[in-house]
Amino acid sequence: MAELKERLLQILDEKGSFDTLTLAAELGVFHQKVVGGVKSLQIEENVINAEALSKKGWELTDEGKEVAKEGSHEARVFHAIPEGGIAQDELMKAFATAKIGFSKAMSSGWLEIKKGEGKPLVRRKVESIDDTVQPVLKRIEAMSFDEVSDKDKQEFKKRKLINEVAMTYYHVTKGSNFTTQLNKQETDLTAEMIASGSWKGVPFKGYNFNALGAPPPCGHLHPLLKVRAEFRQIFLEMGFTEMHTNNYIESSFWNFDALFQPQQHPARDAHDTFFVSEPANCLVLPDDYVKKVGEMHSHGGHGSQGYSYDWKLDEAKKNILRTHTTAVSARMLYRLAQEKPFKPAKYFSIDRVFRNEALDATHLAEFHQIEGVIADRNLTLGHLIGMLYAFFKKLGIHKLRFKPAYNPYTEPSMEVFSYHEGLKKWVEIGNSGVFRPEMLLPMGLPEDVRVIAWGLSLERPTMIKYGIDNIRELVGHKINLKVVYDNPICRLETD
């Protein structure tokens, strides 16, 4: 290690700076060896400055390491065949991955099979071969990624010889006390030094009483949780009560039927909703309320014609992964309706919902929904617009537009748009509406009570806040943990 440290200091003295990945490739040594030398130099006070960086790279799997050491499966199969040939079943026993190597060697045209009266005989079809896999894997092992073509990377990834990983490396520059000659300073005064008097001629490392202790290993908040905390604080400041949203599995009744969404609605199909196979049906529903909901769907009431179809309880009992947190709002409003006399209420929720959607850069099968609900007497569309201005003003958003929209359970309904200064255009930021009487009256709420509501996703503002353009880099197995560690505390530009 001492030799490596001296060499690194000499290189730094000559170049002024270097990064560990490039240097490891130039020196022909493993990257971790160079990193070890840099970390050892970091112990010396201000001799070097090392900034940790991250980028995508490649590493060998266990199978890939074996190939880099022993040769490709197909090359090993070829060299395992004697001049006169070998029985196919014996060849398959030569080593664990012989079957894979045999298939690759055959497709490369290296081997041929002679069938006769006995067992099939495998013989060499060419005199010699060039194993192109092993040297390429050795380049990857040495971190020389630029010397490997994208085609080879994808091929070896498909063969499970390599994995794509987020690699941490260091950019190294000279420190304020940079020197190429390291004098080891003692850190402990021992009994032997005192007895022999050798301590008089030994340099000791000075105490730094201003140094901070080593940070303890700890967890870090995910960017989504940081933004969620800000939204939650805004709702609480506005006097809202948080709803309990810990039931990811919901019955179709609360998720759809209670919201006056017909049972033949496309959103209730399997290609939009995840149905639960076990348990497939819920066991407990409020009987009187269920009857009123079914009657409203089938025959209407209170001036509504309903949907004029045969509403089925079996369909309403099917368990699903909830598609929106409005199912929780329906439960809370039903509970509110049972309290006499009626008291105005303001609720909010921020939690996960699930939809059977195709995955792409902006869509996942699960995401978070932010929802606000206000129940009071004689609320109007004007109250909803005023509340939306007040809510988004808290987020630092002042320019709003509203566009008429359709939702099965709100009328009127509006999409909310905001002017994006960076994009120089209006972008949709949420949805809103007034819950329909067909949804509220079966619950038992008074006829003059109106409920206004709005919702938006948590992922979109988080991606904008932290400059993430692919949602799969925010949630899932591809997330870079260093991003989670390094991201600052969320501070929304609130008013």
Peer 1: Evaluate the salt bridge (charged side-chain N to carboxylate O under 4.0 Å, His left out) criterion for residues Glu147 and Lys153: first the C-alpha distance (whole Å), next the side-chain angles of each, then the deciding distance (0.1 Å), finally the verdict.
Peer 2: CA-CA 11 Å; Glu147 299 177 19; Lys153 291 174 184 175; over 6 Å; no
Peer 1: Mind running side chain to side chain contact (heavy atoms under 4.5 Å, CB included) on Lys151 and Glu155 for me, showing each step along the way?
Peer 2: CA-CA 6 Å; Lys151 182 181 178 182; Glu155 171 66 20; 5.5 Å; no
Peer 1: For the CE atom of Met387 and the OG atom of Ser432, what is their distance to the nearest 0.5 Å?
Peer 2: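 Interatomic distance, Met387 CE to Ser432 OG, rounded to 0.5 Å: 12.5 Å.
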Peer 1: Short question: side chain of Ser196, backbone of Glu192 - any donor-acceptor pair under 3.5 Å?
Peer 2: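 Looks like yes, one N/O pair under 3.5 Å.
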Peer 1: Hey, are Ser349 and Glu242 close enough side-chain-wise for a donor-acceptor pair under 3.5 Å?
Peer 2: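 Not at all, the side chains of Glu242 and Ser349 share no donor-acceptor pair under 3.5 Å.
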Peer 1: Is a side-chain donor-acceptor pair under 3.5 Å present for Ser72 with Asp131?
Peer 2: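 Result is yes, a qualifying pair exists.
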Peer 1: Please tell me if the side chains of Ile81 and Arg123 come closer than 4.5 Å, counting only heavy atoms from C-beta onward.
Peer 2: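 Side chain of Ile81 against side chain of Arg123, heavy atoms only: no contact under 4.5 Å found.
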Peer 1: Could you grab the distance from atom NZ of Lys104 to atom CG of Leu111, nearest 0.5 Å is fine?
Peer 2: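 Reported to 0.5 Å precision, the distance equals 14.0 Å.
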Peer 1: Treating Thr22 as the side-chain partner and Asp19 as the backbone partner, does any N or O pair qualify as donor plus acceptor under 3.5 Å?
Peer 2: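 Not confirmed, Thr22 side chain does not pair with Asp19 backbone.
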Peer 1: Please determine whether side chain to side chain contact (heavy atoms under 4.5 Å, CB included) holds for the pair Phe156 and Val67, giving the CA-CA distance in whole Å, both sets of side-chain angles, and the decisive distance to 0.1 Å.
Peer 2: CA-CA 11 Å; Phe156 295 157; Val67 171; over 6 Å; no
Peer 1: Taking the six-membered ring for Trp and the single ring otherwise, decide whether the centroids of Phe354 and Tyr248 are under 6.0 Å apart.
Peer 2: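 Yes.
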Peer 1: Grab the two heavy atoms, one from Tyr347 and one from Phe240, that are nearest each other, plus how far apart they are.
Peer 2: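 That closest heavy-atom pairing would be O-CD2, 3.2 Å.
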Peer 1: Could you pull out all donor-acceptor pairs under 3.5 Å where a side-chain atom in residues 46-55 meets a protein atom, sequence neighbours excluded?
Peer 2:
residue, atom, partner, partner atom, Å
Asn49, ND2, Lys174, O, 3.1
Ser54, OG, Asn480, ND2, 3.4

Peer 1: As an exercise, state the distance from CE of Met243 to CE of Met332, rounded to the nearest 0.5 Å.
Peer 2: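 Result: 7.0 Å between the selected atoms.
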Peer 1: With respect to Thr97, which candidate in Glu70, His73, Glu63 satisfies the side-chain hydrogen bond (donor to acceptor under 3.5 Å, both in side chains) definition?
Peer 2: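 Exactly one pass, corresponding to His73.
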Peer 1: Between His31 and Thr20, do the side chains contain an N or O donor and an N or O acceptor separated by less than 3.5 Å?
Peer 2: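 Thr20 and His31 do have a side-chain donor-acceptor pair below 3.5 Å.
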Peer 1: Rounded at 0.5 Å granularity, tell me how far CZ in Arg322 sits from CZ in Arg355.
Peer 2: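 Arg322 atom CZ to Arg355 atom CZ measures 11.5 Å (nearest 0.5 Å).
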Peer 1: Hey, what's the ring geometry for Phe391 with Phe235, parallel, tilted or perpendicular (30° and 60° as the breaks)?
Peer 2: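 Plane angle between 30° and 60°, so tilted.
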Peer 1: Who are the side chain to side chain donor-acceptor pair (under 3.5 Å) partners of Lys138, not counting sequence neighbours?
Peer 2: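 By the side chain to side chain donor-acceptor pair (under 3.5 Å) rule, Lys138 matches no residue at all.
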Peer 1: For a 4.5 angstrom cut-off between non-hydrogen side-chain atoms, does Val148 reach Trp58?
Peer 2: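 They are not in contact (no side-chain heavy atoms under 4.5 Å apart), so the answer is no.
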Peer 1: Please walk me through it: do Ile350 and Arg232 pass side chain to side chain contact (heavy atoms under 4.5 Å, CB included)?
Peer 2: CA-CA 8 Å; Ile350 308 172; Arg232 184 174 182 273; 4.2 Å; yes
Peer 1: Do the non-hydrogen side-chain atoms of Met238 and Phe348 ever get within less than 4.5 Å of each other?
Peer 2: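 When only atoms from C-beta onward are counted, Phe348 and Met238 do not touch, as no gap falls below 4.5 Å.
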Peer 1: Between Lys158 and Glu164, is the closest basic N to carboxylate O distance under 4.0 Å?
Peer 2: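 So Glu164 does not pair with Lys158 through a salt bridge.
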Peer 1: Side chains of Leu60 and Leu161, heavy atoms from C-beta outward: is any pair under 4.5 Å?
Peer 2: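 Not in contact.
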Peer 1: Counting C-beta onward and ignoring hydrogens, is there a side-chain heavy-atom pair between Trp254 and Ser252 closer than 4.5 Å?
Peer 2: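 Counting from C-beta outward, Trp254 and Ser252 never come under 4.5 Å.
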Peer 1: For atom CH2 of Trp426, is the number of surrounding heavy atoms from other residues, nucleotides or ligands below 6.0 Å larger than 12?
Peer 2: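 Count over threshold, so yes.
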Peer 1: Any idea which heavy atoms bring Gly37 and Lys5 closest together, and the distance?
Peer 2: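 Shortest heavy-atom contact: O-CG, 4.2 Å.
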Peer 1: I'd like to know whether Leu91 forms a side chain to side chain contact (heavy atoms under 4.5 Å, CB included) with Phe102, so could you lay out the CA-CA distance, the side-chain angles of the two residues, the decisive distance to 0.1 Å, and finally the verdict.
Peer 2: CA-CA 9 Å; Leu91 180 61; Phe102 176 74; 3.9 Å; yes
Peer 1: Can a donor-acceptor pair be found, under 3.5 Å and without considering hydrogens, that links the side chain of Ser149 to the backbone of Asp152?
Peer 2: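 Judged by distance alone, yes, a pair lies under 3.5 Å.
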Peer 1: Working to the nearest 0.5 angstrom, can you tell me the gap between Ile86 CD1 and Met92 CE?
Peer 2: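 One finds 8.5 Å between CD1 of Ile86 and CE of Met92.
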Peer 1: Are Leu400 and Phe392 packed together at the side-chain level, in the sense that at least one heavy-atom pair is separated by less than 4.5 angstrom?
Peer 2: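 The answer is yes, as the side chains (C-beta and beyond) meet within the 4.5 Å cut-off.
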Peer 1: Are the side chain of Thr326 and the backbone of Ser329 linked by a donor-acceptor contact shorter than 3.5 Å?
Peer 2: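 Here the side-chain-to-backbone pair does not exist.
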Peer 1: Would you please say whether a donor-acceptor pair under 3.5 Å links the side chains of Gln369 and Ser457?
Peer 2: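 Checked: Gln369/Ser457 side chains show no N/O donor-acceptor pair below 3.5 Å.
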Peer 1: Quick one, Leu456 and Glu371 - any side-chain contact, counting heavy atoms below 4.5 Å?
Peer 2: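 The answer is no, as the side chains (C-beta and beyond) never meet within the 4.5 Å cut-off.
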Peer 1: Rounded to the nearest 0.5 Å, what's the gap from CG on Leu321 to OG1 on Thr273? Could you check?
Peer 2: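 Here the interatomic distance stands at 9.5 Å.
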Peer 1: With a 4.5 Å heavy-atom cut-off, do Asn255 and Thr323 have their side chains touching?
Peer 2: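 They are in side-chain contact.
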Peer 1: Taking it one step at a time, do Lys15 and Glu26 satisfy salt bridge (charged side-chain N to carboxylate O under 4.0 Å, His left out)?
Peer 2: CA-CA 13 Å; Lys15 294 186 174 184; Glu26 290 175 358; 2.8 Å; yes
Peer 1: Of all the heavy-atom pairs spanning Gln134 and Ala68, show the shortest one and how long it is.
Peer 2: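 The pair with the smallest heavy-atom distance is NE2-O, 3.0 Å.
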Peer 1: Step by step, work out the salt bridge (charged side-chain N to carboxylate O under 4.0 Å, His left out) result for Arg331 and Glu250.
Peer 2: CA-CA 11 Å; Arg331 285 180 178 270; Glu250 188 59 271; 2.8 Å; yes
Peer 1: For Tyr409 together with His324, are the ring centres under 6.0 Å from each other?
Peer 2: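 Centroid distance His324-Tyr409: below 6.0 Å, so yes.
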Peer 1: Checking the side chain of Thr190 only, and the main-chain atoms of Met193 only, is there a donor and an acceptor separated by less than 3.5 Å?
Peer 2: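 Here the side-chain-to-backbone pair exists.
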Peer 1: Counting N and O atoms only, with roles assigned by atom type, does the side chain of Asn319 sit under 3.5 Å from a partner on the main chain of Val276, one being a donor and the other an acceptor?
Peer 2: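 Such a contact is absent between Asn319 side chain and Val276 backbone.
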Peer 1: For Gly109 and Val126, work out which heavy atoms get closest and say how close.
Peer 2: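 Closest heavy-atom pair between Gly109 and Val126: O-CG1, 4.1 Å.
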Peer 1: Kindly indicate whether a cation-pi arrangement holds for Arg76 with Phe95, taking the cut-offs as under 6.0 Å to the six-membered ring centre and within 45° of the axis.
Peer 2: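 Pair Arg76/Phe95 counts as cation-pi.
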Peer 1: Keeping the roles fixed (side chain from Ser103, backbone from Ile100), state whether a donor-acceptor pair exists under 3.5 Å.
Peer 2: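 Looks like no, no N/O pair under 3.5 Å.
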Peer 1: Check Leu9 against Phe178 and note the closest heavy-atom contact, atom names and distance.
Peer 2: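 Residues Leu9 and Phe178, closest heavy atoms: O-CZ, 3.6 Å.
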Peer 1: May I ask you to establish whether Arg124 and Phe78 are in a cation-pi arrangement, using a distance under 6.0 Å from NZ or CZ to the six-membered ring centre and at most 45° from the ring axis?
Peer 2: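 The answer is yes, since Arg124 meets both limits relative to Phe78.
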Peer 1: Which pair of non-hydrogen atoms, one from Gly433 and one from Thr410, has the smallest distance, and what is that distance?
Peer 2: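 In this case the closest contact between Gly433 and Thr410 is CA-CB, 3.9 Å.
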